[in-house]
Amino acid sequence: MTAIDKLKEVSAFLESKGIEDAAKEAEMLIIETLHIDKSKLYVGSLEITEEASKQIDALTSRRAQGEPIQYIIGHVDFYGLRISVGRGVLIPRPETELLVEETIKELKKRFTVHGSQVTVLDLCTGSGCIAIALAKHFPDADVYGIDKSDTAIQYAIRNASENNIKNIHFIRGDLFEPVKQIKFTCIISNPPYIRKGDIRDLQREIKDYEPIEALDGGEDGLDFYRRILKDAPKYLKKEGIVLLEIGYDQADDVRKIASEAGFKDISFRKDYAGIKRIFVGKQN
Ligand SMILES: C[S@@+](CC[C@H](N)C(=O)[O-])C[C@H]1O[C@@H](n2cnc3c(N)ncnc32)[C@H](O)[C@@H]1O
């Protein structure tokens, strides 16, 4: 059988199971199994072995049952980096790249203004994707990533190593608890922010496969914003900054929480759909 025939077969099967991006995902499964480039797949004469065909069938069946494609192939692209993922760690989302982009903009200003060491704290680091992207962009910064999940920290350490990042420390713990002695130029987080009651309505790929502790933001989804914004001022250097990813309808609530925590200079970055998704709070 040729790889192209297999591609057609897998694509049709996934489509029949209601997978939205069936053709693209079929392509990903085949490329991953055969360890080939996309361009090679479309060379019509590429034959695949019986064994490879069976392997592809096994992965296809996992996908048809609802497992996210990223867990099956074991990695995802994030901000130009290859990030390994698997059960127990949240799959980085494209919208989180906005948080990285905005943080880079703010940190650039601080690198030029301050002579002192730039220190960055990524709370709820998960796979480490945000911290690693920032550490790579700012090799002279000292970056910390905290997560309470052991599995997440193991993935984060592996991801730093696979991307050859050295200026980073991943520590398991509850929010600021492991870094109480340090002051930061910048604190960022993409914390759990789904309302507890909304989790059951999420698509099966998320609610049945991704870790609940990466999603659950408490009754109103705002628990982590309250905790982070209340404590952040204690751990910020002078003129420090906090950047947070927020849910599509959380900007007003997060603004209020930040004002009550003493933040004076508050703004939001909108996503490409015009929705406020990134909170930016500065200390005056
Ligand atoms: C929404 S995920 C974000 C992961 C990653 N930063 C990203 O953007 O892909 C939230 C993460 O918060 C972690 N977490 C939940 N409660 C925590 C706590 N109290 N302290 C530290 N991390 C926590 C979860 O384990 C999960 O990895």
Side-chain angles (χ1 to χ4, degrees), residues 68 70-71 74-104 120-136 143-160 163 165 168-180 184 186-196 198-199 202 205-207 209-219 221-232 235 242-248 250 254 269 271 277-279:
Q70 297 88 344
Y71 283 166
H75 58 88
V76 59
D77 290 332
F78 181 85
Y79 214 79
L81 299 162
R82 182 181 162 119
I83 298 291
S84 289
V85 290
R87 293 296 287 269
V89 69
L90 190 99
I91 299 162
R93 306 295 205 264
E95 57 266 32
T96 303
E97 292 180 335
L98 272 186
L99 176 61
V100 172
E101 214 175 270
E102 199 60 25
T103 306
I104 287 176
V120 177
L121 174 61
D122 175 27
L123 294 170
C124 304
T125 197
S127 62
C129 57
I130 302 168
I132 292 170
L134 293 171
K136 181 164 183 186
V143 180
Y144 291 76
I146 309 297
D147 203 287
K148 79 165 190 198
S149 149
D150 205 26
T151 308
I153 289 296
Q154 282 170 25
Y155 268 103
I157 291 170
R158 170 178 163 190
N159 281 321
N163 284 286
I165 304 294
I168 206 157
H169 319 266
F170 286 115
I171 314 171
R172 192 169 77 86
D174 181 21
L175 294 188
F176 295 97
E177 196 266 327
V179 285
K180 278 185 166 158
F184 295 94
C186 171
I187 296 171
I188 47 196
S189 184
N190 172 24
Y193 57 70
I194 312 284
R195 289 179 195 88
K196 204 182 270 300
D198 289 349
I199 292 175
L202 297 173
E205 278 83 351
I206 304 174
K207 70 173 178 213
Y209 289 90
E210 295 201 83
I212 183 88
E213 64 273 18
L215 306 170
D216 188 350
E219 290 306 324
L222 301 167
D223 281 4
F224 283 85
Y225 301 118
R226 285 192 200 92
R227 287 187 63 194
I228 293 172
L229 289 166
K230 179 170 155 277
D231 282 347
Y235 301 106
V242 177
L243 295 104
L244 306 170
E245 179 172 321
I246 61 168
Y248 73 97
Q250 292 176 326
V254 173
R269 159 98 187 254
D271 65 12
R277 293 301 306 273
I278 309 295
F279 161 90

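Note that ligands are numbered from 1 as they come in the structure, with each ligand's atoms numbered from 1 the same way. Residue indices begin at 1 and follow the sequence shown. This one's a predicted model, so the numbers in the text were calculated from it and none came from an experiment.
- No N or O atom of Ser149 sits closer than 3.5 Å to an N or O atom of ligand 1.
- A donor-acceptor pair under 3.5 Å is formed between the side chain of Glu97 and the backbone N or O of Tyr79.
- Under the 3.5 Å distance criterion, with hydrogens and angles disregarded, no donor-acceptor pair is assigned to the side chains of Glu205 and Tyr71.
- For the ligand labelled ligand 1, residue Gly173 lies inside the 4.0 Å heavy-atom shell.
- Residue Ile130 approaches ligand 1 through these ligand atoms, each under 4.0 Å from one of its heavy atoms: 6 (N), 8 (O).
- Proximity of Tyr193 to ligand 1, defined as any heavy-atom pair under 4.0 Å, is not found for any part of the residue.
- Nearest-residue assignment for atom 5 (C) of ligand 1 (options Ile171, Ile228, Thr125, Ile153; heavy-atom criterion): Thr125.
- Scanning Ile83, Asp223, Leu123, Asn190 for the heavy atom closest to atom 7 (C) of ligand 1 points to Asn190.
- Between Tyr225 and Phe279, a ring centre-to-centre spacing not shorter than 6.0 Å is recorded.
- Contacts between Val89 and ligand 1 below 4.0 angstrom, taking non-hydrogen atoms only, are absent altogether.
- Both the backbone and the side chain of Asp147 come within 4.0 Å of ligand 1, judged by heavy-atom distances.
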### Verdict with reasoning, Asp174 to Lys148, per salt bridge (charged side-chain N to carboxylate O under 4.0 Å, His left out)
CA-CA 5 Å; Asp174 181 21; Lys148 79 165 190 198; over 6 Å; no
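- At a heavy-atom distance under 4.0 Å, only side-chain atoms of Cys129, from C-beta outward, approach ligand 1.
- In terms of polar-atom proximity, defined here as any N/O pair under 3.5 Å, Ser127 makes no such contact with ligand 1.
- Residue Lys207 qualifies as enclosed at atom NZ: its count of foreign heavy atoms under 6.0 Å is above 12.
- Between Leu175 and ligand 1, an N or O atom pair is found at a separation short of 3.5 Å.
- Contact atoms of ligand 1 toward Pro92: 9 (O) (distance under 4.0 Å to a heavy atom of the residue).
- Between Phe176 and Tyr235, the angle of the ring planes stays under 30°, which puts this pair in the parallel group of the 30/60° scheme.
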